[in-house]
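In what follows, a single structure is set out as structure tokens and then discussed.
Just so you know, residue 1 is the first one in the sequence shown, and it goes up from there.
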Amino acid sequence: MRILYVARDFGAEKTGANQVMSRNLNALHEIAGTDNVIEYYVPKTNLKTVALSMLRLGSYGVSKRHEKNIIRLVKNVKPDYVFFEGSLFGSLFKKLKTSSSQTLLFAHNLDTELSKQEISSRSSLIGFMKYKFVKFNEKRSAEYADYLICLNERDSRGFNEMFGRKADIILPITFPSRDLDICIESNQAPYYLFVGSDFFPNVEGVKWFIENVAPKVKADFRIVGTCCKNPELKNILLPRNVKLVGYAKDLNDEYSRAAGVIAPIFKGSGMKTKTIEAMSFGKSIFGTDEAFAGVECDYEKIGGLCNTAEDFIDALSNHNANVINAYSLATFKKGFSDDSFITRLENFLKTHN
């Protein structure tokens, strides 16, 4: 089995998307063998590349040269599968429909819905044009991809409602199992942790939490990740119990001492990497409906389902701050470990090859 893997180059930043992409690529290497996986990376989008691709109705933020390179690579290599990370390669899906290779669309989100939510937060003409072009591309991708992979049933329903296409397989976010003995040994002065990139749902959620919840809870909170660089967080007055840490070299250490994880996320699509990552460390999680999307669990046992400030305040104030939550860890092991993901993806590829 030969696979051409196509993704955007987001650099070394440890975003949720990057972590899932790395997981996907490692799984393909294990399934097909490293020598049988050819990797092609498209540069990260910017306003210029998006505008140029929009003028020619090409794949979102992908230059004509890169589209030609990918098509030429498919013709020369003749892979069994072309695995695309993301749903905005619409033009390429259409052009490859006549090739002998089968195309796989791994949808990290329902990007049309996400783009629509961003307009409601930051309304602008550019934002509206971006939304229309995102929808155009995602519609093409859903129409011409041979197989659609979604993270959860919600996104599968969303694709079906918008584009008349359900997922062929649901493969949620997963993480490797961890040595939690290290976490127990380093337990000192626990706090509640938030981990997030500079992404509008993260920034909006954390800002809301700092203003409405943190001052009313007798606990410390650490905010980790590039979200801390956003002006909306940098320029607000922080309560004494909140610290903006910023980039952390070792997230294992941050998680190891945390009494639990907060996830005040009200917008988004797909699944939340931070939720599954917290489960892999056996952490109690206090999050919204959006934060738990794709996770079936007993919310009281895993931490708390919190959709209002009062929900967060009550749940955190009454939490017995154990460092390891056995139920959270068991839920992770049952359905969100890398081993289960690799097995299911391998079986799917072999069945459809």
For Asn69 and Arg72, which I'm curious about, is there any donor-acceptor pair between the side chains at under 3.5 Å? yes
Glu138 and Thr112: side-chain donor and acceptor closer than 3.5 Å? yes
State whether a side-chain donor-acceptor pair under 3.5 Å links Glu85 with Tyr41. no
For Ser337 and Ser177, indicate whether the former's side chain and the latter's backbone hold a donor-acceptor pair under 3.5 Å. no
Between CZ of Phe89 and CG of Leu96, what distance do you get to the nearest 0.5 Å? 11.5 Å
Test your reading of the model: is there a side-chain donor-acceptor pair from Lys283 to the backbone of Ser280, 3.5 Å cut-off? no
To check you understand the geometry: which heavy-atom pair defines the closest contact between Ala291 and Thr275, and what is its length? O-OG1, 2.7 Å
Other residues, nucleotides, ligands: >12 heavy atoms within 6.0 Å of Lys97 NZ: yes
Consider ring pair (Phe, Tyr, Trp, His ring centres under 6.0 Å). Of Phe84, Tyr131, Phe93, Phe133, which one does Tyr60 pass it with? Phe133
Step through the shown structure and confirm whether more than 12 heavy atoms of other residues, nucleotides or ligands are within 6.0 Å of CG on Leu57. yes
If you draw a 6.0 Å radius around CZ in Phe128, do more than 12 non-hydrogen atoms from other residues or ligands fall strictly inside? no
Could you walk me through whether Phe209 and Phe221 pass the ring-ring contact (aromatic ring centres under 6.0 Å, His included) check? CA-CA 10 Å; Phe209 185 91; Phe221 299 95; 5.1 Å; yes
From the list Phe199, Phe200, Phe194, side-chain contact (heavy atoms from CB on, under 4.5 Å) with Cys227 holds only for Phe194
Determine yes or no for a side-chain-to-main-chain donor-acceptor pair under 3.5 angstrom, with Ser141 supplying the side chain and Gly90 the backbone. yes
Between Ser317 (side chain only) and Ile313 (backbone N and O only), is there a donor and an acceptor less than 3.5 Å apart? yes
Side-chain donor-acceptor pair under 3.5 Å between Thr174 and Arg23, yes or no? yes
Does any N or O in the side chain of Tyr5 come within less than 3.5 Å of the main-chain N or O of Leu28, such that one atom is a donor and the other an acceptor? no
Test applied, side-chain contact (heavy atoms from CB on, under 4.5 Å); reference residue, Val42; option that passes from Asp9, Val62, Thr49: Val62
For Asn325 and Ser284, does a side-chain donor sit closer than 3.5 Å to a side-chain acceptor? yes
Within the distance-only criterion (no hydrogens, no angle test), does the side chain of Asn26 pair as donor or acceptor with the backbone N or O of Ser22 below 3.5 angstrom? yes
Check Ile210 against Ile236 and note the closest heavy-atom contact, atom names and distance. CG2-CD1, 3.9 Å
Can you name the nearest heavy-atom pair linking Lys267 to Gln117, along with the distance? CB-OE1, 3.2 Å
Closest heavy-atom contact between Ser156 and Ala167? OG-N, 3.0 Å
Quick one: CD1 on Ile223 to CD1 on Ile262, what's the gap to the nearest 0.5 Å? 4.5 Å
Pairwise distance CZ(Phe336) to OG1(Thr331) - rounded to 0.5 angstrom: 8.0 Å
Short side-chain to backbone donor-acceptor contact, Asp155 and Leu151, under 3.5 Å: no
Heavy-atom count around Leu237 CG within 6.0 Å, excluding the residue itself: above 12? no
Exam field: side chain Asn152 to backbone Gly270, donor-acceptor pair closer than 3.5 Å: yes
Any salt bridge linking Arg154 with Glu290? Criterion: basic side-chain nitrogen under 4.0 Å from a carboxylate oxygen. yes
When rounded to the nearest 0.5 angstrom, what distance separates NZ in Lys132 from CG in Asn137? 13.5 Å
When you measure from the side chain of Ser53 to the backbone N and O of Val50, does any donor-acceptor pair fall under 3.5 Å? yes
Rounded to the nearest 0.5 Å, what separation is found between the CG atom of Asp146 and the OG atom of Ser101? 9.5 Å
Look at Lys350 together with Glu346 and state whether they make a salt bridge at an N to O cut-off of under 4.0 Å. yes
Would you say that more than 12 heavy atoms from the other residues, nucleotides or ligands in this model lie under 6.0 Å from the CG of Asp35, or not? no
Does Asp198 reach the main-chain N or O of Asn230 with its side chain, forming a donor-acceptor pair under 3.5 Å? no
Counting neighbours of CD on Glu30 that are heavy atoms of other residues, nucleotides or ligands and sit closer than 6.0 Å, is the number greater than 12? no
Under a 3.5 Å threshold, yes or no: a donor from one side chain and an acceptor from the other, between His66 and Tyr40? yes
Minimum-distance pair of heavy atoms, taken over all atoms of Gly246 and Cys228: N-SG, 3.4 Å
I'd like to know if Lys207 pairs up with Glu211 as an ion pair, taking the criterion as any Lys NZ or Arg NE/NH1/NH2 lying under 4.0 Å from an Asp or Glu carboxylate oxygen. yes
State the NZ-CG distance between Lys68 and Leu92, to the nearest 0.5 angstrom. 12.5 Å
